[in-house]
Amino acid sequence: MDLDATPFRYFLTVAEERSFTRAAQKLHVSQPALSAQIREFERRLGFALFQRTSRRVELTAEGRLFLGNARRMVAEAAWANQAAREIRENELRIGAPFYTLHIPERRRMMDTLVTRHGDIRLRIFDKTHERHYLDLTRRELDLALLVEPADAQAAADNAVTEADWPGGLERQPLAQRRLCLQLPREHPLAELDILPLEALKGLPVAMPNRSLGAPLSVVIVRALRDAGAETVRPPEGHPLAVERYGRLTRIPAVSLGWFDRPHVEGAGEVVIRHIDGLDVRTSLTLVRARGEQRPAAQMVWESARQLMEGRAATHSVPRRRGRGGRLAPA
């Protein structure tokens, strides 16, 4: 079986070069072998592809009509070969925006794959949420690790277009965080452990843009505007840049609550506060397309599922007071 669509590639090369000699050189085959391949291809097709003269080679009318089909066949053969190679090499393609590098759960997952699963050829892609969704639906990604709204139904309702929250995807939440506010230490509200909702009225707050996806952006902006906050759009809208902008300008900024503070420059100059009555939650979610999965992707998905089931079982176990008032398993 010819997995390389060889006759189609030979035809396209001759058509591009307008010369059997140059095409043979480019294909690294002899000219007689190339000519024989084209003649056999024409016989099987039932029509001539080229008009041959002593000076030039031209496409016939049928050959020109067939060009588009030949290009599609060569492209599809290349995609099929790539898919076979990725299956053979146990490749795993994960989409993860660059800001997730500052999320401990993300680092633990990727570090485990690197250190304990050396047989897996891991590739990590940094793109926008919309592009990750598109690549998942096209099967160009196996998994994506994204910060999304915890309420999937609300996210679907807030999606502006199909690309913002496409169907055909399934999700595995790994952890949740509550939306917070980053405040400069010198800010009057920084003295409070928890901010009252009314404290947001008239307060300028730096907010992320749609780099987190339209559904989450809509949820955050709507919640803070409903509370009376004045939205401020920083020059860069991804969540790390928003927090940095807040530290530079000394104004309050949205914090998703995911990033480990010791690794963030200037973290000691600010405090993170929850807002009473503002229960906007985000989820670190593993996303994939529905259907059959490649072995490495299925292994990661099952590991994540077992981890979440283990956490749920731990939380559901009744607990009793041990000595000294400490909690101990029943």
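Because the structure is predicted, anything quoted here is derived from the model rather than measured. Hydrogens, waters and symmetry mates play no part in the numbers below; they use all other heavy atoms, side chains included. For the single chain, residues carry numbers from 1 onward in sequence order.
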*asked:* Do Arg22 and Gln31 pair up side chain to side chain, a donor and an acceptor below 3.5 Å, judged on atom types alone?
replied: no

Under a 4.5 Å cut-off applied to non-hydrogen side-chain atoms, are [X] and [Y] in contact?
{"X": "Arg178", "Y": "Ile275", "value": "no"}
{"X": "Val219", "Y": "Thr282", "value": "no"}
{"X": "Arg71", "Y": "Leu12", "value": "yes"}
{"X": "Leu183", "Y": "Leu195", "value": "yes"}
{"X": "Ile124", "Y": "Arg106", "value": "yes"}
{"X": "Val147", "Y": "Ser283", "value": "no"}
{"X": "Leu113", "Y": "Ile94", "value": "yes"}
{"X": "Ser211", "Y": "Pro239", "value": "yes"}

same_hphob_cluster([X], [Y]) at 4.5 Å side-chain heavy-atom cutoff:
{"X": "Met73", "Y": "Phe50", "answer": "yes"}
{"X": "Leu284", "Y": "Met109", "answer": "yes"}
{"X": "Val205", "Y": "Leu179", "answer": "yes"}
{"X": "Val218", "Y": "Ile220", "answer": "no"}
{"X": "Leu240", "Y": "Met110", "answer": "yes"}

Keeping [X] on the side-chain end and [Y] on the backbone end, is there a donor-acceptor pair under 3.5 Å?
{"X": "Ser19", "Y": "Thr21", "answer": "yes"}
{"X": "Ser255", "Y": "Cys180", "answer": "no"}
{"X": "Arg93", "Y": "Arg139", "answer": "yes"}
{"X": "His129", "Y": "Leu212", "answer": "yes"}
{"X": "His117", "Y": "Ile120", "answer": "no"}
{"X": "Arg107", "Y": "Leu101", "answer": "yes"}
{"X": "Arg233", "Y": "Pro208", "answer": "yes"}
{"X": "Ser303", "Y": "Met299", "answer": "yes"}
{"X": "Glu191", "Y": "His187", "answer": "no"}
{"X": "Arg64", "Y": "Leu59", "answer": "yes"}

How close do [X] and [Y] get, heavy atom to heavy atom, and via which atoms?
{"X": "Ala297", "Y": "Gln293", "result": "CB-OE1, 4.3 Å"}
{"X": "Leu192", "Y": "Arg273", "result": "O-NE, 2.5 Å"}
{"X": "Asp142", "Y": "Glu91", "result": "OD2-O, 3.9 Å"}
{"X": "Leu34", "Y": "Val29", "result": "CB-CG2, 4.1 Å"}
{"X": "Glu130", "Y": "Asp164", "result": "OE2-OD1, 3.5 Å"}
{"X": "Gly277", "Y": "Leu197", "result": "O-CD2, 4.2 Å"}

*Going through the distances and angles, do Gln37 and Arg9 end up as a side-chain hydrogen bond (donor to acceptor under 3.5 Å, both in side chains)?*
CA-CA 11 Å; Gln37 282 270 8; Arg9 287 193 303 108; over 6 Å; no

Nearest 0.5 angstrom please: [X] [atom1] to [Y] [atom2], how far?
{"X": "Leu67", "Y": "Arg72", "atom1": "CG", "atom2": "CZ", "value": "10.5 Å"}
{"X": "Leu27", "Y": "Gln25", "atom1": "CG", "atom2": "CD", "value": "10.5 Å"}
{"X": "Leu181", "Y": "His274", "atom1": "CG", "atom2": "NE2", "value": "11.0 Å"}
{"X": "Leu216", "Y": "Leu256", "atom1": "CG", "atom2": "CG", "value": "6.5 Å"}
{"X": "Leu136", "Y": "Arg290", "atom1": "CG", "atom2": "CZ", "value": "12.5 Å"}

*Answer yes or no for Arg171 and Trp301: cation-pi contact, defined as NZ/CZ to six-membered ring centre under 6.0 Å and angle to ring axis within 45°.*
no

*asked:* Does anything in residues 31-42 form a salt bridge (Lys or Arg N to Asp or Glu O under 4.0 Å)? List the pairs, not counting sequence neighbours.
replied: Glu40-Arg43, Glu42-Arg52

*Hey, what's the ring geometry for Phe11 with Phe66, parallel, tilted or perpendicular (30° and 60° as the breaks)?*
tilted

*asked:* Between Val254 and Leu224, is the side-chain contact (heavy atoms from CB on, under 4.5 Å) condition met? List the steps.
replied: CA-CA 9 Å; Val254 166; Leu224 292 179; 3.5 Å; yes

*Verify ring pair (Phe, Tyr, Trp, His ring centres under 6.0 Å) between His132 and Phe125, making sure each step is shown before the conclusion.*
CA-CA 9 Å; His132 282 318; Phe125 297 87; 8.2 Å; no

*Residues Glu302, Arg305; criterion salt bridge (charged side-chain N to carboxylate O under 4.0 Å, His left out); working and verdict*: CA-CA 5 Å; Glu302 286 300 317; Arg305 181 184 61 79; 2.4 Å; yes

*Can Asp135 and Arg131 be said to form a salt bridge (charged side-chain N to carboxylate O under 4.0 Å, His left out), step by step?*
CA-CA 6 Å; Asp135 288 350; Arg131 184 54 193 265; 2.9 Å; yes

*Start with the C-alpha gap between Asp151 and Arg281, add the side-chain angles, then the distance that decides, and say whether salt bridge (charged side-chain N to carboxylate O under 4.0 Å, His left out) holds.*
CA-CA 8 Å; Asp151 187 339; Arg281 295 178 183 269; over 6 Å; no

*Please go through Ile194's hydrophobic cluster and name the other residues, only I, L, V, M, F, W, Y counting, with side-chain heavy atoms under 4.5 Å joining them.*
none

*Rest of the hydrophobic cluster containing Leu248 (Ile/Leu/Val/Met/Phe/Trp/Tyr, side-chain heavy atoms under 4.5 Å)?*
none

*Working for salt bridge (charged side-chain N to carboxylate O under 4.0 Å, His left out), residues Lys127 and Glu140*: CA-CA 13 Å; Lys127 299 178 182 179; Glu140 294 176 11; 5.5 Å; no

_side chain to side chain donor-acceptor pair (under 3.5 Å) partner of Glu269, chosen from Gln182, Arg185, Arg250, Arg247_ = Arg250

